[in-house]
There are 2 protein chains.
Amino acid sequence: MAEYLGPTPIATVTRLSIYLRTLEEAQSENIEYISSMKIGQRNGFTSAQVRKDLSCFGNFGQKGKGYYIPSLIKQLRSILGLSQKWNIAIMGLGHLGQAFVGYKGFQKSGFNIVAIFDTDENKIGTKYNGIPVHHPDDLKRIAKNKDIQIAVITVPSSVAKASIQRVIDAKIKGILNFTDVRISLDNEFVMKNVNLVGELETIAFYITRPDWQCRGI
Amino acid sequence: MAEYLGPTPIATVTRLSIYLRTLEEAQSENIEYISSMKIGQRNGFTSAQVRKDLSCFGNFGQKGKGYYIPSLIKQLRSILGLSQKWNIAIMGLGHLGQAFVGYKGFQKSGFNIVAIFDTDENKIGTKYNGIPVHHPDDLKRIAKNKDIQIAVITVPSSVAKASIQRVIDAKIKGILNFTDVRISLDNEFVMKNVNLVGELETIAFYITRPDWQCRGI
DNA sequence: ACATGTGAACAACTTCACAGCG
DNA sequence: CGCTGTGAAGTTGTTCACATGT
């Protein structure tokens, strides 16, 4: 029943990721079946929420038993697009870019960093962690060559707009943006913004106001 | 009119951060007044959204003119809790921890990294970027000494639970968690989870399904 | 005329509650 | 009986539209 059932809330997709991680954890504990209740409990969601989310994509459960973990993992990986490999470019080899390149957690989910772009003449032509560093001018060519589908923007804010524009020109469809520059894009592109200062500010807000109800954080 | 007006949606708080950045940008362009429409346009929100968000905290605008930027910046900084300094601990000096310590963007908003905790014997007792590295066993003492209010969890997932527990024991109220471990806490604590793999998975989902409506990303 | 602030209308998301099935 | 899948109900969040004030 994996037909189109209307737009999926972004929140659902985010939770799907979380469920997948929970299932992998449960699997490593040699559990075979898991109920929506258990999945919810491990993450602080209601069981109905879990069932509704999963039901957007099919009937994966067995009544009276729960979800068969190996099969649901396979399904979720397929839904999230993880049955294929993803080639990623890092724009900007500052500290954050370096953290990305060094982080081992991506490969497990099929995300491979295949190219780094930076304007620093001393870095261009060298490799960082085995990944070649290029000048941003070469993005278009290399993106095509290496079939890059996602770009991670970790350049300084001052040059972020230009960097994002290059990514768009290179027809890279997915963008994970760590700068505080925000632009609206054509529908064919998918951009997610992660704002680290903003995260801290949100925390600061809720700490300074313990009286304030803190909903859905 | 900064009384309690019911729970503030987390989304509103997140947008407040964004507005603040927009205002600072506008200020650097020597603009004096800005309308809700302009603030919205720069970020892809409706003008009504901007007004509603701001109206949760007071009547800051002038009818017919818009918002006086210097004053609104001051108000937003106060609302977000940025009139005070925040002392931050980094738990885990891996790549991501190093990226945090090296990132200059925090100080501007009053966030100061004052201590690093790591179990690596070679790092303990040294300084990284001028910040001392301690053993996690010392967290409680140092948190009290240095008045640490927020901890950033950048340890490997395998030790994340223990690391978060130490933070809680040290009565550090704000937690920014970059691991994929999720736990529910007492109300007095504020935890935000940032899952980098999850962000990429969400992007992968929407790229693989261009037919799918992509709402609110 | 212009732009805010806000009740009312609308849309989206979550939870409830139960039918249905193993 | 237990647990899924799902319409219906309830809740939360967003947009509309206009009264109000400059």
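Reminder, nothing fancy here: chain letters follow the sequence lines and each chain counts from 1.
Within the structure, a side-chain polar atom (N or O) of B:Tyr67 is placed less than 4.0 Å from OP1 or OP2 of C:dG5.
For A:Arg182, there are no salt bridge (Lys or Arg N to Asp or Glu O under 4.0 Å) partners, not counting sequence neighbours. For A:Ser163, there are no side-chain hydrogen bond (donor to acceptor under 3.5 Å, both in side chains) partners at least two apart in sequence or on another chain. Taking A:Gln27 as the reference, A:Ile69, A:Pro70, A:Ile73 meet the side-chain contact (heavy atoms from CB on, under 4.5 Å) condition, with sequence neighbours excluded.
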Can I get a per-line list of side-chain donor-acceptor pairs under 3.5 Å for residues 30-40 of chain A, giving both atom names and the distance, sequence neighbours left out?
| unit_1 | atom_1 | unit_2 | atom_2 | d |
| --- | --- | --- | --- | --- |
| A:Tyr33 | OH | A:Gln62 | OE1 | 3.4 |
| A:Tyr33 | OH | A:Lys65 | NZ | 3.4 |
| A:Ser35 | OG | A:Lys38 | N | 3.2 |
| A:Ser36 | OG | A:Arg51 | NH1 | 3.1 |

Could you give the side-chain donor-acceptor pairs of residues 95-115 of chain A under 3.5 Å, partners two or more places apart or in another chain?
| unit_1 | atom_1 | unit_2 | atom_2 | d |
| --- | --- | --- | --- | --- |
| A:Gln98 | NE2 | A:Leu93 | O | 3.3 |
| A:Ser109 | OG | B:Glu201 | OE2 | 3.3 |

Would you tabulate the side-chain donor-acceptor contacts of residues 173-180 of chain A under 3.5 Å, counting partners in other chains and residues two or more places apart, or write 'none'?
| unit_1 | atom_1 | unit_2 | atom_2 | d |
| --- | --- | --- | --- | --- |
| A:Asn177 | OD1 | A:Thr179 | N | 3.0 |
| A:Asn177 | OD1 | A:Thr179 | OG1 | 2.8 |
| A:Asn177 | ND2 | A:Val181 | O | 2.8 |
| A:Asn177 | ND2 | A:Asn193 | OD1 | 2.8 |
| A:Thr179 | OG1 | A:Val181 | N | 3.3 |
| A:Asp180 | OD1 | A:Ser157 | OG | 3.0 |

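The CZ-C1' distance, from A:Arg15 to C:dA12, rounds to 12 Å in whole Å. For the pair A:Tyr33 OH and D:dG2 C1', the interatomic distance rounds to 14 Å; values are reported in whole Å. Remark: P of D:dT22 and OH of B:Tyr68 are 19 Å apart, rounded to the nearest angstrom. In this structure, B:Phe45 places its CZ atom 10 Å from P of D:dT15, rounding to the nearest Å. One interatomic measurement links the two molecules: CG of A:Leu16 to P of C:dC13, which rounds to 14 Å at whole-angstrom precision. Between the CG atom of B:Leu54 and the P atom of C:dG5 there is a distance of 8 Å, given to the nearest Å. When rounded to the nearest whole Å, the span between CD of A:Gln75 and C1' of D:dG5 equals 16 Å. To the nearest angstrom, P of D:dT12 lies 17 Å from CG of B:Asp53.
A heavy atom closer than 4.0 Å to some atom of DNA chain D occurs in A:Ser35, A:Ser36, these being the qualifying members of residues 35-43 of chain A.
Applying the side chain to side chain donor-acceptor pair (under 3.5 Å) test to residues at least two apart or on different chains, none of the pairs has a partner in residues 66-81 of chain B.
Distance from the side chain of B:Ser55 is smallest for C:dT6 among the nucleotides C:dT6, D:dT14, D:dT4.
Taking 4.0 Å as the cut-off between side-chain N and carboxylate O, B:Glu25 and B:Arg42 count as a salt-bridged pair.
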For nucleotides 16-22 of chain C, print each protein N/O atom paired with a nucleotide N/O atom at under 3.5 Å, atom names and distance only.
| unit_1 | atom_1 | unit_2 | atom_2 | d |
| --- | --- | --- | --- | --- |
| C:dA17 | N6 | A:Arg51 | NH2 | 3.3 |

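Note that CD1 of A:Ile203 and CD1 of B:Ile150 are 5.5 Å apart. Values are rounded to the nearest 0.5 Å.
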